[in-house]
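Following: one structure in structure tokens, then a few remarks.
Note that the structure is predicted; figures quoted are calculated from it, not measured.
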Amino acid sequence: MKSDEFAVLEFNNVSFSWSKGFKVINQCSFTIEKPGLWMLVGKNGSGKSTLFRLISGGIRPESGTIFCSLKPSLVYQNPDHQLLMPTCKSELMLSVSKNIPHSQFLDLIQSALDKVGLSEMLDRPIHTLSGGQKQRLAIAGAIVSNSNLLLLD
């Protein structure tokens with residue numbers, strides 16, 4: 001990459017091992033130079049979720065460096081591993097930026113629900129949602145967090 005270009009995401013010799021020394025990522029290097037729709041394809045257990053957790057900052061590499069110029073938000077494959085609160089509104093309130101005035105919380109949350117097709121679900125208990133509705137609620141969480149890099153596991 002030229003020195004005057006701007007990388008969106010860059011991995012330089014990144015390695016990561018889970019417990020018992022199982023190396024999942026070994027000296028991984030790549031650069032994504034511009035925003036777009038990117039897909040990561042691989043077999044189960046090949047390290048896709050680990051890579052996403054590294055990008056989002058959920059885990060740290062044991063070696064190497066990661067640069068990300070965007071604000072990532074990770075949406076897990078299984079939304080039950082991500083959703084914590086009893087209602088859609090309370091769940092999304094967790095993701096709203098602390099810089100947003102409290103008077104704008106509800107409008108922001110409602111707008112995110114509208115965008116993912118859950119307009120009427122504001123006070124709905126999460127345990128009553130279908131699996132697909134839970135996934136859309138997790139995406140709404142990324143929307144209200146003002147994320148500009150969506151990682152869909």
Side-chain angles (χ1 to χ4, degrees), residues 1-85 88 91-101 104-119 121 126 129-153:
M1 185 165 64
K2 297 177 190 173
S3 61
D4 62 338
E5 290 183 19
F6 184 85
V8 171
L9 178 63
E10 190 168 1
F11 269 51
N12 289 312
N13 296 316
V14 172
S15 294
F16 181 83
S17 298
W18 287 110
S19 61
K20 300 181 184 177
F22 179 70
K23 193 165 290 279
V24 181
I25 310 278
N26 188 20
Q27 296 185 351
C28 177
S29 294
F30 66 89
T31 301
I32 296 177
E33 297 179 4
K34 60 183 180 178
L37 177 62
W38 301 89
M39 293 181 6
L40 183 62
V41 180
K43 295 179 182 179
N44 287 344
S46 64
K48 299 179 302 292
S49 296
T50 301
L51 188 76
F52 280 174
R53 288 180 181 173
L54 286 163
I55 294 168
S56 68
I59 57 176
R60 300 214 184 278
E62 62 189 41
S63 64
T65 59
I66 301 170
F67 170 78
C68 183
S69 65
L70 301 174
K71 182 181 177 191
S73 186
L74 176 59
V75 177
Y76 291 14
Q77 181 177 5
N78 183 343
D80 288 326
H81 295 163
Q82 183 165 5
L83 303 175
L84 306 170
M85 301 302 285
C88 295
E91 180 66 36
L92 295 181
M93 286 183 80
L94 286 177
S95 299
V96 174
S97 170
K98 306 302 180 234
N99 300 329
I100 301 294
Q104 295 177 8
F105 270 36
L106 197 53
D107 289 340
L108 182 62
I109 288 169
Q110 189 61 57
S111 174
L113 289 172
D114 294 347
K115 288 176 183 172
V116 298
L118 298 176
S119 298
M121 305 287 185
I126 290 177
L129 299 177
S130 71
Q133 289 170 325
K134 288 177 183 179
Q135 286 179 322
R136 288 187 280 153
L137 180 61
I139 293 169
I143 292 169
V144 299
S145 75
N146 205 24
S147 169
N148 56 6
L149 175 61
L150 189 58
L151 304 169
L152 302 173
D153 193 11

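For the pair F30 and L9, the minimum side-chain heavy-atom distance is below 4.5 Å. Taking 4.5 Å as the limit, some side-chain heavy atom of L137 sits within range of a side-chain heavy atom of L113. Taking the side chain as every heavy atom from C-beta outward, W38 and L149 never approach each other to under 4.5 Å.
Taking every heavy atom of both residues into account, I126 and C88 meet most closely at CG1-N, 3.9 Å. Considering every non-hydrogen atom in both F105 and I100, the closest pair reads CE1-O, 3.3 Å. Scanning all heavy atoms of the two residues, the minimum distance from L94 to M85 falls at CD1-CG, 3.4 Å. L51 approaches F11 most closely through the heavy-atom pair CD1-CE2, 3.4 Å. Taking all atoms of both residues into account, the shortest heavy-atom contact from L92 to I109 is CD1-CG2, 3.6 Å. Across every non-hydrogen atom of F16 and E62, the tightest pair is C-OE1, 3.7 Å.
Counting only distance, with no hydrogens or angles, the side chain of S95 and the backbone of A142 share no donor-acceptor pair below 3.5 Å. Looking only at distances, no side-chain donor or acceptor of S73 sits under 3.5 Å from a matching main-chain atom of L150. With K23 contributing its side chain and S15 its backbone, the two residues share no donor-acceptor pair below 3.5 Å. At least one donor-acceptor pair closer than 3.5 Å links the side chain of R136 to the backbone N or O of V116. At distances below 3.5 Å, not a single donor-acceptor pair connects side-chain atoms of K115 with backbone N or O atoms of I139. With hydrogens and angles disregarded, no donor-acceptor distance shorter than 3.5 Å links the side chain of Q133 to the backbone of L118. N148 places a side-chain N or O within donor-acceptor distance of the main-chain N or O of K71, the cut-off being under 3.5 Å. A donor-acceptor pair under 3.5 Å is absent between the side-chain atoms of T31 and the main chain of E10, judged by distance alone.
When the options N13, V14, N12 are evaluated for a side chain to side chain contact (heavy atoms under 4.5 Å, CB included) with T65, the one that passes is N12.
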